[in-house]
A.B. asks: 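Have a look at this one.
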Protein chains: 2
Amino acid sequence: MARLDPKDGYAVLINTFYVAPERAGELMTLLERATQETMRFQPGYVSANLHLSSDKTRIVNYAQWRSRADFEAMLRDPIARAHIAEVGKVATSFDPVIFELRCSDPAEIS
Amino acid sequence: MARLDPKDGYAVLINTFYVAPERAGELMTLLERATQETMRFQPGYVSANLHLSSDKTRIVNYAQWRSRADFEAMLRDPIARAHIAEVGKVATSFDPVIFELRCSDPAEIS
């Protein structure tokens with residue numbers, strides 16, 4: 001579970017993975033495992049949230065990090081890199097982009 | 001503020017707007033206004049969360065709807081359509097995709 005609040009000031013990684021629909025389940029399992037075994041133990045990790053598109057051609061990880069520096073440090077970690085390489089064999093491509101949450105409506109959790 | 005919890009079962013719209021960096025501020029203002037004036041009053045609206053990429057070439061709206069049918073009904077609303085047309089004049093393109101949140105880590109809000 002994650003809370004989206006601009007006041008938290010997190011670096012938000014929105015990573016879109018493109019995948020053949022018949023391999024979407026396999027990719028989802030890999031990403032869940034990477035989260036549980038590796039990512040959640042990285043310094044500055046806040047949350048990971050895995051989404052499957054209706055047509056099963058995309059998985060989006062909406063991930064919160066304390067800062068961009070923490071996210072970049074994770075990218076240099078050998079175990080995290082091994083997970084990313086494994087994911088790259090199942091996804092056809094992926095597009096990680098760092099965002100800042102600017103505004104959220106409603107202001108309180110409904 | 002929004003809460004991401006697979007148990008809520010929302011339809012998640014992740015809409016990526018591509019924009020010239022010098023027009024990103026203008027687009028953000030338009031999207032905030034569309035949210036406050038129109039979208040939040042549509043049946044089934046849950047939340048909208050506007051994110052700006054570090055390089056200012058993308059804005060992502062992470063929006064929660066009670067169901068896909070509610071989201072599609074909004075697309076037929078004339079006032080919502082007018083807002084979308086206005087946004088289309090400032091963004092160079094946009095890519096709305098419907099997802100289902102499959103898993104969220106940690107299980108509780110940290």
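Naming: A, B, ... by sequence-line order, numbering from 1 per chain.
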A.B. asks: To the nearest 0.5 Å, tell me how far B/Cys103 SG sits from A/Asn49 CG.
C.D. replies: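 Between B/Cys103 SG and A/Asn49 CG, I get 8.0 Å after rounding to 0.5 Å.
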
A.B. asks: Quick check on B/Val12 against chain A: is it the side chain, the backbone, both or neither that has a heavy atom closer than 4.5 Å?
C.D. replies: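 It is the side chain, since no backbone atom gets that close.
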
A.B. asks: If I measure from the heavy atoms of chain A, does B/Arg68 come under 4.5 Å with its side chain, its backbone, both, or neither?
C.D. replies: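 Contact with chain A involves the side chain of B/Arg68 alone.
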
A.B. asks: Can you tell which of A/Asp5, A/Leu52, A/Asp8 has the highest number of heavy-atom pairs within less than 4.5 Å of chain B?
C.D. replies: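 Between A/Asp5, A/Leu52, A/Asp8, the count favours A/Leu52.
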
A.B. asks: First locate atom CZ of B/Arg102, then atom CG of A/Leu50, and finally report the distance between them rounded to the nearest 0.5 Å.
C.D. replies: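 Answer for the CZ-CG pair, B/Arg102 versus A/Leu50, is 10.5 Å.
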
A.B. asks: In the single-linkage hydrophobic clustering (I, L, V, M, F, W, Y; side-chain heavy atoms under 4.5 Å), do A/Phe94 and B/Tyr62 co-cluster?
C.D. replies: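 Hydrophobic grouping puts A/Phe94 apart from B/Tyr62.
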
A.B. asks: Grouping I, L, V, M, F, W and Y whenever their side-chain heavy atoms are under 4.5 Å apart, do B/Trp65 and B/Met1 come out in a common cluster?
C.D. replies: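 No, no single cluster joins them.
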
A.B. asks: Which atoms of A/Thr35 come close to chain B, meaning under 4.5 Å heavy atom to heavy atom: side chain ones, backbone ones, both, or neither?
C.D. replies: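 Side chain of A/Thr35 only, per the 4.5 Å heavy-atom cut-off to chain B.
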
A.B. asks: Quick one: what part of A/Ile14 sits under 4.5 Å from any heavy atom of chain B, side chain, backbone, both or neither?
C.D. replies: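 Side chain of A/Ile14 only, per the 4.5 Å heavy-atom cut-off to chain B.
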
A.B. asks: Do B/Tyr45 and B/Phe71 share a hydrophobic cluster, counting only Ile, Leu, Val, Met, Phe, Trp and Tyr and linking them when any side-chain heavy atoms are less than 4.5 Å apart?
C.D. replies: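 Same cluster: B/Tyr45 reaches B/Phe71 through Ile, Leu, Val, Met, Phe, Trp or Tyr contacts under 4.5 Å.
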
A.B. asks: A/Ala2 versus chain B, heavy atoms under 4.5 Å apart: side chain, backbone, both or neither?
C.D. replies: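 When you check distances to chain B, atoms from both the backbone and side chain of A/Ala2 fall under 4.5 Å.
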
A.B. asks: Any chance CD1 of A/Ile79 has more than 12 other-residue heavy atoms, nucleotides or ligands included, within less than 6.0 Å?
C.D. replies: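 No.
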
A.B. asks: Between B/Lys7, B/Met39, B/Arg40, B/His51, who has the most heavy-atom pairs with chain A when the cutoff is under 4.5 Å?
C.D. replies: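 Most heavy-atom pairs under 4.5 Å with chain A: B/His51.
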
A.B. asks: For chain B, which candidate among A/Ala48, A/Ala63, A/Ala11 shows the most heavy-atom pairs at distances under 4.5 Å?
C.D. replies: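 Result: the option with the highest number of such pairs is A/Ala48.
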
A.B. asks: To the nearest 0.5 Å, tell me how far B/Arg58 CZ sits from A/Asp95 CG.
C.D. replies: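 The CG atom of A/Asp95 is 4.5 Å from CZ of B/Arg58, to the nearest 0.5 Å.
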
A.B. asks: Hey, quick one: are B/Ile59 and B/Val87 part of the same hydrophobic cluster, counting side-chain heavy atoms closer than 4.5 Å, chains of contacts allowed?
C.D. replies: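 Per the 4.5 Å side-chain linkage, B/Ile59 and B/Val87 are co-clustered.
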
A.B. asks: Grab the two heavy atoms, one from A/Val97 and one from B/Ser53, that are nearest each other, plus how far apart they are.
C.D. replies: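 For A/Val97 and B/Ser53, the tightest heavy-atom pair comes out as CG1-CB, 3.9 Å.
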
A.B. asks: Between A/Glu100 and chain B, with a heavy-atom cut-off of 4.5 Å, which part of the residue counts as in contact: side chain, backbone, both or neither?
C.D. replies: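 Answer is both: backbone and side chain atoms of A/Glu100 are under 4.5 Å from chain B.
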
A.B. asks: Distance from A/Ser47 atom OG to B/Asp105 atom CG, nearest 0.5 Å?
C.D. replies: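 If we round to the nearest 0.5 Å, A/Ser47:OG and B/Asp105:CG are 8.0 Å apart.
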
A.B. asks: In terms of hydrophobic clusters joined by side-chain contacts under 4.5 Å, are B/Val60 and A/Leu13 together?
C.D. replies: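 Different hydrophobic clusters.
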
